[in-house]
Protein chains: 2
Amino acid sequence: MGRSTSRLANDAWEALLTAHAVLIKQMAATDIWNELSMREYDVLYTLSKCPEPVRARELTRHVLLSQPALSRMIDRLIGRGFIARDPDPADGRGVLLSLTEQGRAIQRRVGGRHAVDIAGLVRDRLDPAELRTLEELCHKLATDHEEKTS
Amino acid sequence: MGRSTSRLANDAWEALLTAHAVLIKQMAATDIWNELSMREYDVLYTLSKCPEPVRARELTRHVLLSQPALSRMIDRLIGRGFIARDPDPADGRGVLLSLTEQGRAIQRRVGGRHAVDIAGLVRDRLDPAELRTLEELCHKLATDHEEKTS
DNA sequence: GTCATGTCCATGCATTTGCATCTATCTCAA
DNA sequence: TTGAGATAGATGCAAATGCATGGACATGAC
């Protein structure tokens, strides 16, 4: 009741971290990751939500990987035929990434099974109203604050 | 409004994943991780919250690392003098882990700075009531459901 | 007791990761 | 135009990770 705002913030963050870790572990324990690791799936999923080819730099912002690690993972995914990499006509330094048909197919296949697992794990711990609230709070957390200290 | 419960569950999970990734990236960007990586800090922090020595198996459940990776990370942290590992008198297979004084000191030092960062990142995105709600929902998410399908 | 089975932690080994750095390209002021 | 500085992405290399497995101990049926 009398917790300081700072304490509240740290407690909430720790709870989020724990929930994340617990659920990730349970999801990883399912047997749907034979053809694609969770990290690889994360990349394909992120790409699947982009209607147009994306810059690698943009992907780095959404995926929890360093830029070199992502660069090499893209190499591997290209090697397996799931991703296409083309030069960006608007910027000679950059590359544009997109899913191939095969990549889209495997993302859908794995994603479908993964969604079932997610629902199974989350649905019976939170009711619909709580799910909406959680989603809203997490969206607020993820919004980029402009740090104007000027 | 008309989203199915399964859809709600998946959307909420995605929002949580995004919030986690965004905040982790911002925290990693601070310059407090010179003496301890975030993963190492996670281990020391988890240990710091245990009043008594803990089994390695128990740590594996709370930290997002595989059992072999944790085993070797413990080796390194012992080598640096932050952790002590002793045989469990109650179980010849197990080991008991605890922070050394030095380990507790560095955890407190890094943890203090980290807590400031957390508060700064989280506090101005959510108000106290929202923080409490988020913490509660995440706790519910992390509770171990007994899967009684019998 | 004995043996089969399960659990805990450690280790061999190939793969992946991150840090530092490199090249190429872009931006912008003079 | 030119040159300084910033940014995008790739690569060398050491370190960390995960998977498969190994050895030690525990547990329970007989």
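Below, read A as the first sequence line, B as the second, and so on, with proteins coming before strands; counting in each chain starts at 1.
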Nearest-nucleotide 5' precedence on DNA chain C, A/S66 against A/P89: A/S66
Which nucleotide in C/dC9, C/dT11, C/dG18 has an atom nearest any side-chain atom of A/P68: C/dG18
Interatomic distance where CG belongs to B/L70 and P belongs to C/dT11 [whole Å]: 14 Å
Any donor-acceptor pair under 3.5 Å from A/T30 side chain to A/Q26 backbone: no
In one Ile/Leu/Val/Met/Phe/Trp/Tyr side-chain cluster, 4.5 Å: A/V63, B/M38: yes
Short side-chain N/O contact from A/R39 to OP1 or OP2 of C/dT17, under 4.0 Å: yes
Rounded distance in Å - CG (B/D75) to C1' (C/dA10): 8 Å
Separation of atom CZ in B/R76 from atom P in C/dA10, rounded to whole Å: 13 Å
Lys/Arg N to Asp/Glu carboxylate O, B/D88 vs B/R93, below 4.0 Å: no
d(CG, B/N34; C1', C/dG18) in whole Å: 15 Å
B/D88 CG to D/dA24 P, straight-line distance once rounded to whole Å: 19 Å
Spacing between B/Q67 atom CD and C/dG6 atom P, to the nearest angstrom: 18 Å
Short side-chain N/O contact to C/dC13 OP1/OP2 from B/R72, under 4.0 Å: no
Candidates D/dA10, C/dA10, C/dT17 - which lies nearest the side chain of A/A69: C/dT17
Whole angstrom value for the distance that separates P of C/dG18 from CE of A/M73: 10 Å
Nucleotide D/dG18, atom P - distance to CH2 of A/W33 in whole Å: 15 Å
Proximal nucleotide (of D/dT17, C/dA10, C/dG18) relative to the B/R85 side chain: C/dA10
Flag if over 12 foreign heavy atoms under 6.0 Å of CZ, A/R7: no
Shortest non-hydrogen contact between B/R61 and A/K25, atoms and distance: O-CD, 4.3 Å
Summary of protein contacts for nucleotides 1-8 of chain D, nucleotide by nucleotide, where a base hit scores B, a sugar-phosphate-only hit scores S (4.0 Å, heavy atoms): ------BS
Salt bridge present between A/R3 and B/E135 (N-O < 4.0 angstrom): yes
Least distance between heavy atoms, A/A19 atom then B/A142 atom: CA-CB, 3.9 Å
Under 4.0 angstrom between A/S71 side-chain N/O and D/dA10 OP1 or OP2: yes
Nearest heavy-atom neighbours spanning A/L97 and A/L47: O-CD2, 3.8 Å
Minimum heavy-atom distance between A/W33 and A/M27, given as atom pair plus value: NE1-O, 3.0 Å
Rounded (10°) bend between the five-pair end axes of the helix from C/dG1-D/dC30 to C/dA30-D/dT1: 30°
Sole residue of B/L16, B/L134, B/V22 in side chain to side chain contact (heavy atoms under 4.5 Å, CB included) with A/L141: B/L134
